[in-house]
Amino acid sequence: MTTQPPLLEATDLRKTYPLPGGGSHTAADAVTFTLTPGGALGIVGESGSGKTTVARMLVGLVRPDHGTINVDGTPRPAKPPRGKAPRLARARQIQMVFQDPYVSLDPRLTAEQCLRSALRLHGREESTAPALLDQVGLGAREATARPRHLSGGQRQRLAIARALAVDPRVLVLDEAVAALDVSIQAQILRLLDEIRRDTGVALVFVSHDLAVVQHVTDEVLVMRRGKVVERGPTHRVLSEPTDPYTRLLLASVPGRGWDPADAVAARAALT
């Protein structure tokens with residue numbers, strides 16, 4: 001059996017922030033993982049667990065204090081390179097989709113103009129914009145609409161299309177479906193699964209929602225207080241967790257036969 005070489009390698013990532021009264025807060029510490037082409041990795045944990053810090057380090061919005069990030073075996077420099085061409089090449093490696101796409105979309109541009117702008121910036125053929133819209137389930141009516149006239153799900157589809165416009169190797173999604181209705185979440189998750197299987201783009205899916213992660217990822221990291229406390233195949237971690245914190249997260253998810261007392265007991269066992 002041939003093992004695919006890693007597409008994305010993160011090794012010993014660490015980030016600390018100074019506290020107003022002195023001292024520091026470690027947001028992420030010794031975070032290490034790999035991702036193969038077309039793979040999907042989930043990073044889960046409660047608010048403050050460090051998962052978003054890791055996502056921002058991957059795309060370059062936050063500079064790690066320590067550790068390395070490699071794409072296709074090539075290190076991503078912690079400091080953005082000088083010059084337009086190197087910056088665009090770096091952006092094409094990893095793209096990010098945020099929880100609220102509205103703030104990242106130009107309100108003056110229609111959906112198709114938004115994609116044409118991204119394609120033009122990266123030297124790609126602008127005429128592929130309609131095909132990109134079609135790929136994410138947006139039609140001619142949505143193509144001529146500005147962001148304020150699109151629903152939350154449509155805006156998220158547009159944000160995904162814009163990220164795909166640069167033909168990225170990795171797509172990082174930070175709570176990308178958290179603000180959507182459950183039915184729309186399901187549509188977006190199916191879309192992402194189809195895209196990675198059709199294009200080979202790898203996904204890093206950051207979420208606090210274990211049900212979402214279960215449906216879209218192959219591997220999962222569970223983070224608590226900046227550290228990875230459990231990792232492994234998603235089905236194994238979510239069905240047979242070994243860490244008390246993972247068991248707490250699972251016990252906190254409402255479902256058939258759910259008893260909130262189980263979550264209380266899991267929290268007590270953790271502390």
Side-chain angles (χ1 to χ4, degrees), residues 7-8 35-44 51 55 58-59 91-105 109-119 122 124 128-220 234-235 238:
L7 165 60
L8 175 67
L35 182 62
T36 56
L41 173 74
I43 304 179
V44 302
K51 58 187 186 298
L58 292 178
V59 297
R92 283 192 293 272
Q93 289 181 330
I94 304 177
Q95 283 283 303
M96 189 168 186
V97 177
F98 297 92
Q99 178 177 346
D100 182 4
Y102 190 76
V103 298
S104 64
L105 297 173
L109 301 181
T110 66
E112 183 169 344
Q113 288 170 339
C114 174
L115 294 191
R116 286 182 176 273
S117 176
L119 290 163
H122 288 269
R124 303 192 69 206
T128 60
L132 278 167
L133 289 171
D134 183 67
Q135 185 178 18
V136 299
L138 297 177
R141 178 179 296 181
E142 292 82 17
T144 59
R146 290 178 172 79
R148 67 179 181 274
H149 296 134
L150 298 173
S151 69
Q154 289 170 336
R155 287 196 291 264
Q156 198 61 284
R157 289 171 183 266
L158 175 57
I160 292 169
R162 185 179 61 179
L164 294 174
V166 308
D167 195 23
R169 301 285 282 136
V170 180
L171 194 59
V172 177
L173 302 110
D174 186 10
E175 300 284 9
V177 298
L180 303 177
D181 292 339
V182 174
S183 61
I184 305 301
Q185 283 187 6
Q187 293 175 18
I188 298 297
L189 293 178
R190 284 196 298 270
L191 169 66
L192 291 169
D193 193 53
E194 291 171 1
I195 286 172
R196 76 171 174 118
R197 296 183 190 282
D198 292 344
T199 68
V201 66
L203 305 179
V204 177
F205 207 96
V206 177
S207 179
H208 68 280
D209 191 330
L210 296 179
V212 166
V213 169
Q214 184 176 16
H215 285 92
V216 79
T217 66
D218 309 312
E219 303 276 332
V220 65
T234 302
H235 66 86
L238 299 188

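Distance alone, capped at 3.5 Å, is enough to place a donor-acceptor pair between the His215 side chain and the Ala211 backbone. Side chain of Gln156 to main chain of Ala176: a donor-acceptor pair is present (N/O by atom type, distance under 3.5 Å, no hydrogens or angles). Here the side chain of Arg155 pairs a donor or acceptor atom with the backbone of Leu150 at under 3.5 angstrom. The main-chain N or O of His208 is found under 3.5 Å from a side-chain atom of Glu175 such that the two form a donor-acceptor pair. Here the side chain of Arg162 pairs no donor or acceptor atom with the backbone of Ala118 at under 3.5 angstrom.
When all heavy atoms of Ala91 and Val166 are compared, the pair lying nearest together is O-CG2, 4.4 Å. Taking both residues in full, the closest heavy atoms of Ala55 and Met96 are given as CB-CE, 4.0 Å, listed atom of the first, atom of the second, then distance. Of all heavy-atom pairs spanning Val201 and Pro168, the tightest one is CG2-O, 3.6 Å. The nearest pair of heavy atoms linking Gln135 to Leu164 is OE1-CD1, 4.3 Å.
Atoms OG1 and CG, on Thr110 and Leu105 in that order, are 11.5 Å from each other to the nearest 0.5 Å. Gln99 contributes atom CD, which lies 9.5 Å from atom OG of Ser207 (distance to the nearest 0.5 angstrom). Here Glu219 contributes atom CD and Leu35 contributes atom CG; the two are 9.0 Å apart, rounded to the nearest 0.5 Å. Note that OG1 of Thr128 is 5.0 Å distant from CG of Leu132, once rounded to the nearest 0.5 Å. To the nearest 0.5 Å, the span separating CG on Leu191 from CD1 on Ile184 amounts to 12.0 Å. The distance from atom CG of Leu133 to atom CG of Leu115, rounded to the nearest 0.5 Å, is 4.5 Å.
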Check against side chain to side chain contact (heavy atoms under 4.5 Å, CB included), Leu8 and Leu41: CA-CA 11 Å; Leu8 175 67; Leu41 173 74; over 6 Å; no
Apply side chain to side chain contact (heavy atoms under 4.5 Å, CB included) to residues Asp209 and Val177 and explain how you reach the verdict. CA-CA 10 Å; Asp209 191 330; Val177 298; over 6 Å; no
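Residue Gln95 forms a side-chain contact (heavy atoms from CB on, under 4.5 Å) with just one option from Leu171, Val59, Val172, and that option is Leu171.
When side chains are defined from C-beta on, Asp218 counts as touching Arg196, because their heavy atoms get closer than 4.5 Å. Between Val170 and Leu58, every side-chain heavy-atom pair lies at or beyond the 4.5 Å cut-off.
Applying the side-chain hydrogen bond (donor to acceptor under 3.5 Å, both in side chains) rule to Gln93 yields the partners Arg76; only residues at least two apart in sequence or on another chain are considered.
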